[in-house]
Every structure is written in C-alpha cells, then in structure tokens.
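Before any comments, here is the structure.
Below, chain A is the first sequence line, B the second, and so on; all start at residue 1. Side chains included, hydrogens not; waters and symmetry mates left out as well; all remaining heavy atoms used.
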2 protein chains.
Amino acid sequence: MTENDDRLAGELALATVRFARHLRGRRRDSLVSLTQLSALNALANDGPLTPGQLAARERVQPPSMTRVIASLADLGLVRRAPHPTDGRQVIVSLSEQGEQVITGEAAAREAWLRGKLDDLAPEQRATLAEAVDILNGLIAAEEKQA
Amino acid sequence: MTENDDRLAGELALATVRFARHLRGRRRDSLVSLTQLSALNALANDGPLTPGQLAARERVQPPSMTRVIASLADLGLVRRAPHPTDGRQVIVSLSEQGEQVITGEAAAREAWLRGKLDDLAPEQRATLAEAVDILNGLIAAEEKQA
DNA sequence: TATTGTTATACTCTATAACTATA
DNA sequence: TATAGTTATAGAGTATAACAATA
C-alpha cells in the first residue's frame, strides 16, 4: 500500500494547502482571520490559558502567539491579566465581544463554505466530518511524540 | 441540517488551516515549499503554461504567480520562453530538474505524512482520499461560477 | 483600448535569536 | 540558572495598484 500512500500523501498535502488558501482569501473582509479565530476557539473550548499554553495548543512558537494575542487584544476580543502567583505568566481570556464572535458571528461568516456544504450529498458531508477527525488525530498524535 | 453544516463548516475550516500550517512547517528544510511544489505539479499535469494560466489553475493573483515562477526559475526548476506568436505572453515549462523533483523527490519527502497515513486503518485512508476529491470539487465548482 | 506580465508596495503569518523579568 | 513572555528581525506567501510592452 506504500505506493498509494505516497500518492495520497501528495494529493492530501496539495489539496489541504489549496483549500486553506481559498478559505483565507474568502475571509479577507472578515473581522478576524482564521488564525485569530482558531486562537479564540481554543480559549472558548479550554477556558483562559497562558500564551505558552495557547502556543502549544495551536502548534505555533511563542512569539507567533504573542502577535496573535496582541492583535486580538487590539480588537478587544481577549483580555490579558497577570497570573495570581507567578509573575512571569499571563492569563489570556475571552472578552464578551470575543465570546460573541465565537458563538454567533464566526459560524455565520463561513457563508461560502456553508453554502458549498449544503450542496453536497449527506454522505459527502459525513466523509468530510470523518476526515476532520482523522486530520486532527494525526496532529494530536504528533503532540504525544514531541 | 443547517446547524450541523454550521459546525462542520467551522471545524473543517479550522482543521484545514491547522493541518496546512503543520505541513508547511514540516517542509521547512525541503528544497521547495508547498506553494512551489503545487505550481510544479500543475506544470507536470498540464504541460507548459503561461503565468496567467498558472495563476488561474492555482487560484492566485498574477503577481503572486510571478513571484513563485521567479523563485522556481532561480532554483532551475522551470524555464521561461517567449510565446511564439504573442509577444506579451510567456511559456513556463519544467526543466529536467523540475521533473525530477516532481517524479521522485517530492513524494519521498512527504515522509512525515506518509508515515502517519501508514498508521491509519485502510478505511480511514479511503475516507481521506474521498475527502480530497470532495474538497477539490468544491474549489473546482467555484471556478465555473467565477 | 484591452490584455499580459511585471514591478512596487504592503500586510499577514510564521520563524529564530536576543532580551527582560521572575522563579 | 531556568522559565515565560516579549521584542527585534527576517522570510514566505499573498494581495492591490501602477506600469510597460504588445495586440
């Protein structure tokens, strides 16, 4: 099966990158970018986190996350508070506006993709849902090793 | 089914972007980036193309493709030749080295992903393969409209 | 005038290296 | 000395606007 794996690996990589490019392009006029939305999403799922934890969750380096957090703070979507006992650390949490973005606006704004998904057959949607789980699993498995 | 679609759209978008980030990171020490590989791939599949055609295939704006082509030409992976009848146009084609990248090196280099796919159940690989087709279909459908 | 491609410029996302403050 | 976070800097990838050459 190695030959098929080779082909699947290549096709999956190219399709993913092409699709991600498309999605980013579609959000140009959106309030938050996908990178920002992804960080907000982590805070919504896991509650307040330190920048270091956020960077680990999102699998970026700490300086990259510092920038994302700064941009979100500028937009008023997250707050930074000092850690109660460790003066080095910072607690990042969603603001009310940030929560609104997560709960309401974000989903509604993915309009293009939603429309496309609507046109698919139910089995195709199910396939994509499974694929999402598999992809997330591949990345999660990575975490354990590293 | 709209509620599920909302959720699927969001999750698919985040998973795609996260996975693409991961893939790009993995190729840091590679000869060509995924963006470059994607363009090489288009030339391998479709034969020589003009920059405009390549930009359309890859769904980027012409100036973006100009840069990609320039970087590939610097690496000696593509050649630029004048169009035989239209002096405005340029024909971009794979060099021998470019073909080697496509046929051999590229697939072998996706080692991380290949290993991961190898660990999956056959049904999961099949799911991913279907998902690739669906995603490419979504983008292709876009083309007809635009 | 319209089209093709490029140049100029800028913004986002990401990284590594160096620094600051705290433990 | 080690850790958490930030700042400084750089590079890739994308875009829009303006330009040149050709049709």
When rounded to the nearest 0.5 angstrom, what is the spacing between NE2 in H22(A) and CG in L113(A)?
10.0 Å
Going 5' to 3' through nucleotides 15-23 of chain D, assign each nucleotide B (protein heavy atom under 4.0 Å from a base atom), S (under 4.0 Å only from sugar-phosphate atoms) or - (no protein heavy atom that close).
BBB---BBS
Please give, in whole Å, the distance from dG13(D) P to L34(B) CG?
8 Å
Got a donor-acceptor contact below 3.5 angstrom from the T16(A) side chain to the A20(B) backbone?
no
May I ask you to evaluate whether R80(B) reaches the phosphate of dT6(C), defined as a side-chain N or O under 4.0 Å from OP1 or OP2?
yes
Pairing residues for S64(B) by the side-chain hydrogen bond (donor to acceptor under 3.5 Å, both in side chains) criterion, not counting sequence neighbours:
none
Please confirm whether the shortest side-chain N or O distance from T35(A) to OP1 or OP2 of dT12(C) is below 4.0 Å.
no
Looking at R18(A) and E11(A), is any side-chain nitrogen of the basic one under 4.0 Å from a carboxylate oxygen of the acidic one?
no
Protein-nucleotide distance (Q89(A), atom CD; dT6(D), atom C1'), rounded to Å
14 Å
Of Q36(B) and I69(A), whose closest DNA chain D nucleotide lies nearer the 5' terminus?
I69(A)
Intermediate values then yes/no, side chain to side chain contact (heavy atoms under 4.5 Å, CB included), Q53(A) and V92(A):
CA-CA 10 Å; Q53(A) 289 170 327; V92(A) 181; over 6 Å; no
In whole Å, I'd like the distance from the CG atom of L37(B) to the P atom of dG13(D).
11 Å
Any chance you could measure Q100(A), atom CD, to L31(A), atom CG, to the nearest 0.5 Å?
11.0 Å
Testing D86(A), T85(A), I91(A) one by one against Q89(A) for a side chain to side chain contact (heavy atoms under 4.5 Å, CB included), which residue passes?
D86(A)
Provide, to the nearest angstrom, the distance between the CG atom belonging to L75(B) and the C1' atom belonging to dA12(D).
13 Å
Can R80(B) and S93(B) be counted as having a side-chain donor-acceptor contact under 3.5 angstrom?
no
Could you tell me if the side chain of Q124(A) sits less than 4.5 Å from the side chain of E130(B), heavy atoms only?
no
I91(B) CD1 - dT4(C) C1' separation (whole Å)
12 Å
So what does T66(A) touch, heavy atoms closer than 4.0 Å: a base, only the sugar-phosphate, or nothing?
base
Rounded to the Å, how far apart are R24(B) CZ and dT12(C) P?
17 Å
Rounded to whole Å, the NE2-C1' distance (H83(B) to dT3(C)) equals 13 Å
Residue-level proximity of residues 47-55 of chain A to DNA chain C when a heavy atom falls under 4.0 Å:
none
Send over the distance from L72(A) CG to dC13(C) C1', rounded to a whole Å.
13 Å
